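Read the numbers this way: they start at 1 and go in the same order the structure lists the ligands and their atoms. This is a predicted model, so every value here is computed, not measured.
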Amino acid sequence: MGETKRGALIIFEGLDRSGKSTQYLRSKGRTVEFIPFPDRSTPIGKLIDMYLRREIDMSEEALHLLFCANRRERVDFIQECISTGIDVVCDRYAYSGVAYSLAKGLPADWVRAGDVGMPQPDVVLFFEVSPEVACQRGGFGEERLETGELQRKVRETMKLLRKPFWQMVNADGDVQTVEGEVRAIVDHLDLHLPLQLLDQI
Ligand code: TMP
Ligand code: MG
């Protein structure tokens, strides 16, 4: 009795331009921290940002490791929030890391090992939008990795990563409809067990 419930770790996943970042939580007076991955504000995130904007080059392997390291940079913050009852919403997470690198053909075991031990999400909301619709949204193609061909492969690869704690959200609807779907899922999370760590991705 009187114990503060821990915060929830909620992940938004989906293709580029699926509209994930316009979704957010404002429910029941709970405090929410929002972290986009890549987090371009950190030292490692700045390197990733330069790569994506075509300012620097690097190998696919180095890039994969930087994406993983960028998530590790925020683990202490995530755990601190969760343990003090603050919800954390991440726009992308290890699943983007794995799906994009597998779609590029990097070795599966090596790719999947990079995020073992990261905090396990309470729920992954996968925003489904067809690649054709995503390609037509504003800004598509400005950054590296935003090509129709890679997006199609990522979409297929993401499906293989599906876990019981994934929920599909139809992102073709208007913002209110999608937000309603998100809230219904988030309001029913069971936060009695402590936060777990990923033992596989
Ligand atoms: P963003 O558009 O959500 O800022 O993500 C930038 C790009 O980085 C996007 O094309 C997806 C890609 N990405 C990876 O390839 N691996 C990762 O681990 C993450 C988080 C993103
Ligand atoms: Mg993008």
More than 12 heavy atoms of other groups within 6.0 Å of R72 CZ: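 Above 12, so yes.
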
Within 6.0 Å of CD in E61, more than 12 heavy atoms from elsewhere: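 More than 12 heavy atoms, drawn from other residues, nucleotides or ligands, come within 6.0 Å of this atom.
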
Using a 4.0 Å heavy-atom threshold (strictly under), name the region of [X] that reaches ligand 1: side chain, backbone, both or neither.
X: L52; result: side chain
X: P38; result: both
X: E146; result: neither

Cation-aromatic face contact R144/Y51, 6.0 Å, 45 degrees: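 Ring-cation test returns yes.
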
Within-shell test, R40 vs ligand 1, heavy atom, strictly < 4.0 Å: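 Contact present.
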
For L145, the ligand 1 atoms whose distance to one of its heavy atoms is below 4.0 Å: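 Result: 8 (O), 10 (O), 12 (C), 15 (O).
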
Per-atom contacts of ligand 1 with R71, taking only distances under 4.0 Å to non-hydrogen atoms: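 Reading through ligand 1 atom by atom, the close ones are 17 (C), 18 (O), 20 (C).
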
Backbone or side-chain N or O of R92 under 3.5 Å from ligand 1 N or O: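 Looking only at distances, the answer is yes, because the N/O contact criterion of under 3.5 Å is met.
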
R40 bridged to E73 by N-O distance under 4.0 Å: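 Salt bridge: no.
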
Salt-bridge criterion met for E156 and K153 (N-O under 4.0 Å):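 No, E156 and K153 are not salt-bridged.
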
Results of side-chain hydrogen bond (donor to acceptor under 3.5 Å, both in side chains) for D39 - residues two or more places apart only: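 Partners of D39 under the side-chain hydrogen bond (donor to acceptor under 3.5 Å, both in side chains) test: S41, R74.
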
Shortest reach to atom 8 (O) of ligand 1 by a heavy atom, considering only Y95, F67, F12, Y100: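 Minimum heavy-atom distance to atom 8 (O) of ligand 1 goes to F67.
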
